[in-house]
Protein chains: 2
Amino acid sequence: MGERPTIAKIAEQAGVSAPTVSKVLNGRADVAEETRARIESLIQQHGYRRRGSGTSASPMIDLVFNQLGGEWAMELIRGVEEVARAEGVELVLSECGGALRPRQEWIESVLNRRPLGVIMVFSDLDADQRAQLEARRIPFVVVDPVGDVGDDVPSIGSANWNGGRMATAHLRTLGHTRIGMIGGPVDTLCSRQRVDGYTDALRSTGIEVDPGLIRYGDFEVGGGYREALALLNLPDRPTAIFAGSDMQALGVYQAARELGLDIPRDLSVIGYDDLPLAEWVTPALTTIHQPLHRMAELATRVVLDLARGQTPAALRLDLAVEIRVRQSTVGPQG
Amino acid sequence: MGERPTIAKIAEQAGVSAPTVSKVLNGRADVAEETRARIESLIQQHGYRRRGSGTSASPMIDLVFNQLGGEWAMELIRGVEEVARAEGVELVLSECGGALRPRQEWIESVLNRRPLGVIMVFSDLDADQRAQLEARRIPFVVVDPVGDVGDDVPSIGSANWNGGRMATAHLRTLGHTRIGMIGGPVDTLCSRQRVDGYTDALRSTGIEVDPGLIRYGDFEVGGGYREALALLNLPDRPTAIFAGSDMQALGVYQAARELGLDIPRDLSVIGYDDLPLAEWVTPALTTIHQPLHRMAELATRVVLDLARGQTPAALRLDLAVEIRVRQSTVGPQG
DNA sequence: CTGAAAGCGCTTACAG
DNA sequence: CTGAAAGCGCTTACAG
């Protein structure tokens, strides 16, 4: 089939009539599952596109953020963009405006545009929205899932529990016993996993967990600042703080500076994410490296595999994290 | 016209036949200019979309970066995304991979997708690519033009010359006389304008310009670091450095730290851009605030106006900049 | 669940 | 530069 495939040709090859192919393309329910499967595989195989959609296809992938901003989001965008560009796929970027689910206009636009797939970052779809994508066979992948996504939804995250454990173990090894923790929002999975890793590291090194040393904020500088002030004004203040993100760690820096505490002499600080700025701040920030770029790349590959009808090797992946020891952590002084 | 407009209805209203409307839609040359104008205005007015393109339109806008990365790009993305979302327009994001012009596949994708318009950031189109967009009536706007764009191309920038002058005047007012300048790449307009503003501020306050104090790098941390080392190793080193970007200023911080120089006591540093991190570094960075978010918003509005056939008030705009004085600049000591 | 028939929306090829 | 005629690609409405 040298020329652009038409419904008629697909129908002929599938041994059905044109109207039946049309029904499959339009997501109608009244087609036998077996017939649908046969037709869909021919559609994939020949790269069928409806007449109006240009002389050659313009395949797209949708990337949806809960909220855009900061280097964290930028690293993910770059990872997706790189793979998309290499594969000749366009990247459509949206933000939910801070909500956990995209607005209804977005779903409508997706159903219109029929992207190859959708990548959700720190956001989710409700049952209805999922059903609509599934009916059109538009695969979706969740990056860094906020809550429990269904077992059938592919997701790419990182080893948050290990990260929390690793950060805390590092501070324990340096000799700290009073270690404050500033988590992200309580209602996020990644945040709770990191706190559990922290708790485990303390317990397994013989330290009783003090609930007064665990605080939750957002992942931003402001939240880190507020919670750090609260921790540092405690009668028996911690000698080290584990912040849930590098941005929060900057807030901790600011709080410490205001209280006249020197980092790392008076207070050790460890962050989470390893954003580019972790290297440039003073003192350079010890942090847990989250492979954001690779997570984004992987998510893109998984969604493109699904779009091509291939089943990726694994549907639910957590990438390993690493600690990057810099200048913000030392043993407790005096 | 309550229902979705068709070619036949547009043709009827325009008093021509369906084939003529079809030709206009497909960018054919053989239509009288007057006929074309009449048909185009009806197409705009009724929001005509070809049959294949979904039940309701999925209008898009293309945002093209020379290179993605950092908070600078993120601020622009957020500005564009906000306006696009409010207007119900999808955002398609691309990167040229460091080249000044987008790759050919990109142009083909644009011609296929027919976005409402294109926003180029720090990148440009060649004559051929422009002609292709113009033939399809796809407007484009350049943000922060790298070189001289044609007079007919709308562009949104900021007052770089003023910014350069303002930064330098601030250091002069504090009493500095040996002021180093680290520009961006010599071949960019914004960089040359800032250097000229620097030169002007020195001359108009009676200081001879020392060419040895002017260096060019990229806009990244690494470039700032390298050029700062060169400046600070000069026999008669400057007491203040004006960096061409906040990222470069971080490089200057690093170089100063390595040489055991305290900022601001031994060296004043002023940046450019006012990225969010300028507030969080230590010492907080004095810098020139570039209204990136507003530039992006404006560019989006201009391109959407053009897409609707309206002529925006001004085609070439430079937004004002402001100085943000923080802790990294004081008078020369000793 | 499937397809023959009718018909819509758009384009092409060509005459004027 | 324009449009009548032919026809392609797809969908709809309905009979089986």
Side-chain angles (χ1 to χ4, degrees), chain A residues 1-59 108 111-114 132 134-138, chain B residues 1-59 108 111-114 132 134-138:
Chain A
M1 226 194 259
E3 314 87 64
R4 209 179 140 80
T6 63
I7 281 195
K9 284 178 200 150
I10 300 276
E12 193 191 331
Q13 292 213 9
V16 297
S17 70
T20 304
V21 177
S22 174
K23 282 171 196 165
V24 170
L25 284 165
N26 292 291
R28 293 284 157 72
D30 60 344
V31 179
E33 198 43 58
E34 198 216 347
T35 312
R36 177 192 300 282
R38 190 153 29 99
I39 292 171
E40 262 166 0
S41 94
L42 283 164
I43 288 169
Q44 295 280 358
Q45 196 178 312
H46 294 115
Y48 172 84
R49 293 266 143 177
R50 46 160 47 66
R51 177 155 65 165
S53 44
T55 46
S56 68
S58 263
E108 274 154 28
L111 298 181
N112 267 330
R113 286 185 287 112
R114 297 170 176 267
Q132 286 181 285
E134 272 156 18
R136 310 292 177 114
R137 315 274 147 155
I138 298 173
Chain B
M1 227 194 261
E3 312 88 65
R4 208 179 140 81
T6 62
I7 280 194
K9 285 180 202 148
I10 300 277
E12 193 191 331
Q13 292 213 8
V16 296
S17 69
T20 304
V21 176
S22 173
K23 282 170 195 167
V24 170
L25 284 166
N26 291 292
R28 293 285 158 72
D30 59 344
V31 179
E33 198 43 57
E34 197 215 349
T35 311
R36 175 191 302 279
R38 190 152 29 100
I39 293 171
E40 263 165 0
S41 93
L42 283 164
I43 288 169
Q44 296 280 358
Q45 197 178 312
H46 294 114
Y48 171 83
R49 293 267 143 180
R50 43 161 48 66
R51 176 154 68 164
S53 42
T55 47
S56 68
S58 263
E108 274 153 28
L111 298 182
N112 268 330
R113 286 185 287 112
R114 295 170 177 266
Q132 285 180 283
E134 272 156 17
R136 309 293 177 115
R137 315 272 149 155
I138 298 173

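Given the structure is predicted, the values throughout are model-derived calculations rather than measurements. Sequence lines set the chain letters: A, B, ... in the order given, protein chains first and strands last, and positions in each chain run from 1.
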More than 12 heavy atoms of other residues, nucleotides or ligands under 6.0 Å from CD of B:Glu34: is that the case?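 No, CD of B:Glu34 has 12 or fewer neighbouring heavy atoms, counting only those of other groups under 6.0 Å.
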Please indicate whether B:Glu12 has more than 12 foreign heavy atoms, meaning atoms of other residues, nucleotides or ligands, lying under 6.0 Å from its CD.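 At most 12 heavy atoms, drawn from other residues, nucleotides or ligands, come within 6.0 Å of this atom.
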Yes or no on side chain to side chain contact (heavy atoms under 4.5 Å, CB included) for B:Arg137 and B:Arg36, after CA distance, side-chain angles and deciding distance? CA-CA 12 Å; B:Arg137 315 272 149 155; B:Arg36 175 191 302 279; 3.5 Å; yes
Protein-nucleotide distance (A:Lys9, atom NZ; D:dG9, atom C1'), rounded to Å: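 That distance rounds to 11 Å.
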Please give me the minimum heavy-atom distance between A:Ala18 and A:Ala11, naming the atom from each residue.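 For A:Ala18 versus A:Ala11, the nearest heavy atoms are N-CB, 3.7 Å.
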Minimum heavy-atom distance A:Ala14-A:Ile39, with the two atoms named: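 It is CB-CG1, 4.0 Å.
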In B/S/- notation, 5' to 3', how is nucleotides 1-8 of chain D contacted by protein heavy atoms closer than 4.0 Å? SBBBB--B
For B:Val24, which of B:Thr35, B:Val16, B:Ile10, B:Val31 qualifies under side chain to side chain contact (heavy atoms under 4.5 Å, CB included)?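 Going through B:Thr35, B:Val16, B:Ile10, B:Val31 one by one, the side chain to side chain contact (heavy atoms under 4.5 Å, CB included) with B:Val24 is satisfied by B:Val31 alone.
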Could you spell out the base pairing of DNA chain D in dot-bracket, with Watson-Crick or G-U pairs whose two distances are under 3.5 Å, [ ] crossing and | to another strand? |||.||||||||.|||
To the nearest 0.5 Å, tell me how far B:Thr20 OG1 sits from B:Arg38 CZ.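 The distance works out to 9.5 Å.
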Nearest-0.5 Å distance that lies between atom CD1 in A:Ile138 and atom CZ in A:Arg114: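 Between A:Ile138 CD1 and A:Arg114 CZ, I get 6.5 Å after rounding to 0.5 Å.
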Counting only side-chain N and O atoms of A:Ser22, is one of them less than 4.0 Å from OP1 or OP2 of D:dT11?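 Yes.
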